[in-house]
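One structure below.
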Amino acid sequence: GNQDSVRLLIETGAEIHLQHSYGNNVLHAVVILSENSPENACQMLRLVLGLVKTWIQKSKLADVYRIMANQELAINSTIYQLLKMERKDGFTPLKLAAKLGCSKILNEILNIRNVCCFPLFSVGGGTEMLYDVTEIEPAFNVQASVGSVIDIVDQKFSECLVKILGIPIIENVANLK
């Protein structure tokens with residue numbers, strides 16, 4: 001995960017929606033990196049997400065971005081699109097993280113504010129969050145070619161299951177089953 005190379009590519013307008021022959025996009029690659037280097041992968045994810053605005057400004061979307069009333073919406077929409085892209089086997093970056101048992105990157109993805117989780121209100125220094133559970137909960141995932149995160153975790157009972165169930169939103173949804 002060479003962060004300088006990634007930064008240079010994105011800053012010069014390289015297409016971040018591209019997928020290679022198997023269907024991996026930049027976020028799938030970050031998840032795969034997390035198998036061997038979870039901390040580096042989390043840093044790389046934050047770098048990529050932080051550079052989305054720069055990419056939009058350099059891309060063909062620059063004119064659309066400039067006229068949008070809410071530029072944050074354009075950034076979050078681009079991130080959402082990257083997170084929902086499926087590989088040829090049907091795995092999104094989130095589901096791939098569950099399949100590989102990569103709990104750190106899974107947790108990092110689930111906590112991308114205003115894309116995967118949304119602040120509701122703050123009380124006493126803490127913030128209550130609302131999570132998008134469409135890929136986590138089987139009931140909301142009926143159209144998908146690959147099961148939900150909970151389905152994937154159920155199929156892959158191992159040490160990784162314990163790590164993934166340690167993520168509060170996953171644990172809460174699993175306990176509702």
Side-chain angles (χ1 to χ4, degrees), residues 1-7 9-10 16-17 19-20 22-55 75-76 78-87 89-120 125-138 140-141 144 146-177:
N2 186 328
Q3 293 186 9
D4 292 334
S5 298
V6 170
R7 182 184 310 279
L9 286 168
I10 293 174
I16 62 173
H17 288 95
Q19 293 176 277
H20 78 21
Y22 194 64
N24 288 334
N25 69 18
V26 65
L27 297 184
H28 289 101
V30 168
V31 169
I32 292 166
L33 171 66
S34 73
E35 279 188 286
N36 297 317
S37 185
E39 295 303 325
N40 191 24
C42 290
Q43 289 175 355
M44 187 68 76
L45 177 67
R46 289 188 289 273
L47 173 70
V48 170
L49 298 179
L51 290 170
V52 167
K53 178 180 179 180
T54 302
W55 175 81
I75 295 166
N76 292 340
T78 301
I79 294 169
Y80 182 82
Q81 290 169 15
L82 289 171
L83 286 169
K84 295 301 179 184
M85 290 175 78
E86 292 183 357
R87 301 180 342 164
D89 61 4
F91 284 90
T92 63
L94 183 70
K95 291 178 184 180
L96 182 62
K99 177 185 177 194
L100 298 176
C102 299
S103 61
K104 283 188 185 245
I105 201 74
L106 181 66
N107 191 44
E108 194 83 21
I109 291 169
L110 285 170
N111 285 292
I112 299 172
R113 282 189 177 232
N114 300 318
V115 177
C116 297
C117 69
F118 307 88
L120 290 176
T127 302
E128 284 296 316
M129 304 297 286
L130 174 67
Y131 286 86
D132 174 1
V133 296
T134 53
E135 286 192 67
I136 300 171
E137 168 57 46
F140 297 112
N141 202 52
V146 173
S148 70
V149 169
I150 298 297
D151 293 331
I152 293 165
V153 170
D154 280 349
Q155 293 168 4
K156 186 186 163 91
F157 189 81
S158 67
E159 297 171 16
C160 297
L161 174 65
V162 175
K163 289 181 195 171
I164 290 171
L165 284 178
I167 299 171
I169 185 62
I170 303 288
E171 190 172 358
N172 292 341
V173 172
N175 287 334
L176 294 174
K177 270 187 94 172

Exercise. Backbone N or O of His20 within a donor-acceptor pair of the Asn24 side chain at under 3.5 Å?
Worked result: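 Pair absent, no side-chain N/O of Asn24 close to backbone of His20.
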
Exercise. So, the side chain of Glu86 versus the backbone of Gly23: is there a donor-acceptor pair under 3.5 Å, distance only?
Worked result: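 Checked: no pair found.
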
For this session: Name all residues meeting the salt bridge (Lys or Arg N to Asp or Glu O under 4.0 Å) criterion together with Glu39; count only those two or more places apart in sequence or in a different chain, and write none if there are none.
Result: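 Glu39: salt bridge (Lys or Arg N to Asp or Glu O under 4.0 Å) contacts with Lys104.
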
So which heavy atom on [X] is nearest to which on [Y], and how close?
X: Leu110; Y: Tyr131; result: O-CE2, 3.4 Å
X: Cys116; Y: Ile109; result: SG-O, 3.4 Å
X: Met44; Y: Val30; result: CG-CG2, 3.8 Å
X: Lys99; Y: Phe91; result: CD-CZ, 3.5 Å
X: Arg113; Y: Asn76; result: O-OD1, 4.4 Å
X: Arg87; Y: Ile32; result: NH1-CD1, 4.1 Å

For this session: Under the side-chain contact (heavy atoms from CB on, under 4.5 Å) rule, collect the residues that match up with Ile16, sequence neighbours excluded.
Result: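 Partners of Ile16 by the side-chain contact (heavy atoms from CB on, under 4.5 Å) criterion, ordered by chain and then number, come out as Ile10, Val52, Trp55, Thr78, Leu82.
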
When rounded to the nearest 0.5 angstrom, what distance separates [atom1] in [X] from [atom2] in [Y]?
X: Lys95; Y: Lys84; atom1: NZ; atom2: NZ; answer: 7.5 Å
X: Leu96; Y: Leu106; atom1: CG; atom2: CG; answer: 10.5 Å
X: His17; Y: Leu27; atom1: NE2; atom2: CG; answer: 9.5 Å
X: Thr54; Y: Ile75; atom1: OG1; atom2: CD1; answer: 8.5 Å

Exercise. Knowing that exactly one of Leu94, Val115, Asn25 qualifies, which makes a side-chain contact (heavy atoms from CB on, under 4.5 Å) with Leu83?
Worked result: Val115

State, with a plain yes or no, whether a side-chain heavy atom of [X] is found less than 4.5 Å away from one of [Y].
X: Ile112; Y: Tyr80; answer: no
X: Ile105; Y: Cys42; answer: yes
X: Met129; Y: Pro119; answer: yes

For this session: Begin with the C-alpha distance, continue with both residues' side-chain angles, and end with the deciding distance and a verdict on side-chain contact (heavy atoms from CB on, under 4.5 Å) for Gln43 and Leu33.
Result: CA-CA 11 Å; Gln43 289 175 355; Leu33 171 66; over 6 Å; no

Problem set entry | Residue list, side chain to side chain donor-acceptor pair (under 3.5 Å) with Arg46, at least two apart or on another chain | Glu108

